[in-house]
Number of protein chains: 2
Amino acid sequence: MVSFYKEYDHHLVALDCIIFGFDEGELKLLLLKRKFEPAKGEWSLMGGFLGKSESLDEAACRILNQLTGLSNIYMKQLSAFGDVDRDPGARTISVAFYALIKIDENDRLLAENHGAEWVSINELPVLIFDHSKMAEKALEALRRRTSREPIGFELLPVKFTLPQLQSLYESICGELLDKRNFRKQILETGLLVKLEEKDKESSKKGAYLYKFDHNKYNSYVEKGFLFQLKVKSGHIIKGNNSILD
Amino acid sequence: MVSFYKEYDHHLVALDCIIFGFDEGELKLLLLKRKFEPAKGEWSLMGGFLGKSESLDEAACRILNQLTGLSNIYMKQLSAFGDVDRDPGARTISVAFYALIKIDENDRLLAENHGAEWVSINELPVLIFDHSKMAEKALEALRRRTSREPIGFELLPVKFTLPQLQSLYESICGELLDKRNFRKQILETGLLVKLEEKDKESSKKGAYLYKFDHNKYNSYVEKGFLFQLKVKSGHIIKGNNSILD
DNA sequence: GCTTTAAGTGTAAATATTACACTTGTAATA
DNA sequence: TATTACAAGTGTAATATTTACACTTAAAGC
């Protein structure tokens, strides 16, 4: 490709992935111990560098795939991070993405491959560089998006129970919800399909399994139907004057 | 700075600014005719390249300042755009920011300096590269943000009337609002200060001028108070499956 | 002083949200 | 096999929020 812009600076561009999962009633992030300098051995998000002939989205998917072996994962760009000294290794612009994965299907691959570990968002260690900031922003973004899009289902198995779903929403928004109101609200959307099967893992009585009706949701979206769940943002972030969203 | 990452590709990083203004009852974007190749003479957003020793935020502010002469402007990062062929001039990653400015104070500087022009968002021309997509995303982001933060005031003069404010909100959300409900809602926040003066530009009777109470708002934010205006997102964007927010 | 124009004002009906407690089914155990 | 323990499942009334709606007021222009 011919460049018309030869006189301008070129930069390293990195991708970092904030990978959310839900397990044992807790929202978790997939973290790993960095295997190279600088900051070798410290906790970090999964990351990598942008190649010449891949888009940001492609690169983010590639990196997620390298770590988890997964593709076709729910993933959204969070933001670009570009402070001059954010990475002591070199001036690097990082574009952060967050991904939602169904832990059950995948935890095997992970731990073995890369020394990756699922850590509860309530017990996050200090992360390298500005990765803690990225994780915090990703959680805020997840909360906001959860209130306007039915993305919780990306974090649960295809078949799930209402108590599981409620627990997930409670983890995301950081507060307890009323069981009856929650069930009423979520069932009213008409987007859940009740199955005959029950899950007996967590109670003697067993809880009915449901599926999310993706087709119905897509047709609702086409018609201009808006999914709205009253998910509060948890605690407000005080004095947040960042130019970043 | 020593680089630990020598083997990775380096990229041009651009900044593009979606600059919103409000004038003559319409929400507008500041566009300019591109003055260099490629795509010389076509409509474009204001942009520039990231330098070695400036952060993304600093660079975005610098570029906005070059065009408008303004600083201390409300500005938020929108997203990074990184398709391989998005700019035919060279592989370039662009980080887009949107800014809200008070047109009245500034329109002089603009037109004269750079052949820039305010164009209604309802009459946008085709823009170069992926700038139309950026503008569309920025408008969506503005709508969402307007519903949870009192940013409309960034687009109005310091002193403004309630009919002006309502007209602005109508432009942003793309539908007409009920006058009494709007006034009730906005006054209930307690964030507007009524002045003794009237503005007589748009009616014989004249409309009272108000100011936004930034201090009070900041103290509310500290206390965890949430600004919430019911601004609908206008029309839903159909089949939006982009990995981008 | 009559007309025109936009500003300004309140209430009742409808809808949405919240708070709240008992019954059911099953497995484990006495 | 009866009892206990546990989480699943279910409905309603009170409250709060949102919506719809129409006339009066002030001042300029004729």
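Side-chain N or O atoms of B:N65 include one that pairs as donor or acceptor with a backbone N or O of B:L70 at under 3.5 Å. No side-chain donor-acceptor contact under 3.5 Å links A:S167 to the backbone of A:P163.
The interatomic distance linking A:Q228 (CD) with C:dT17 (P) rounds to 9 Å, in whole Å. The nearest whole Å value for the distance from the NZ atom in B:K194 to the P atom in C:dA7 is 13 Å. Protein atom CG of B:L177 is 10 Å distant from nucleotide atom P of D:dT19, rounded to whole Å. Here the C1' atom of nucleotide D:dT12 and the NZ atom of A:K184 are 8 Å apart, to the nearest Å. The distance between atom CD of A:E201 and atom P of D:dA8, rounded to the nearest whole Å, is 13 Å. To the nearest angstrom, P of C:dG10 lies 13 Å from CD of B:E188. Atom CD in A:Q185 sits roughly 17 Å away from atom P in D:dT10 (whole-Å rounding). Here the C1' atom of nucleotide C:dT9 and the CZ atom of B:F182 are 16 Å apart, to the nearest Å.
Listed nucleotides: D:dG9, D:dA5, D:dA28. Nearest to the side chain of A:P163: D:dG9. When the nucleotides C:dG10, D:dA8, C:dA19 are ranked by their closest atom to the side chain of B:N181, C:dG10 comes out on top. Comparing atom distances between the A:D178 side chain and each of C:dC20, D:dG9, D:dA28 picks out C:dC20 as nearest.
Donor-acceptor pairing under 3.5 Å, judged by distance alone, is absent between the side chain of B:R180 and the base of C:dA7. One N or O donor and one acceptor, one from the side chain of B:K205 and one from the base of C:dA7, sit under 3.5 Å apart.
Of all nucleotides present, only C:dA28 satisfies the Watson-Crick or G-U wobble test against D:dT3, with each distance under 3.5 Å.
Comparing B:K179 and A:A207 against DNA chain D, the residue whose closest nucleotide sits nearer the 5' end is A:A207.
Close to C:dA27, at under 4.0 Å from its OP1 or OP2, lies a side-chain N or O of A:K200. Put simply, B:R183 has a side-chain N or O that comes within less than 4.0 Å of OP1 or OP2 on C:dG8.
Annotation: A:Y220 is not in aromatic contact with A:F227 [ring centroid separation under 6.0 Å not met]. Taking the six-membered ring for Trp and the full ring otherwise, B:F160 and B:F212 have centroids separated by 6.0 Å or more.
Contact annotation for B:T161: no contact, since no heavy-atom pair falls under 4.0 Å across all strands.
The number of heavy-atom neighbours closer than 6.0 Å to OH of A:Y217, taken from other residues, nucleotides and ligands shown, is above 12.
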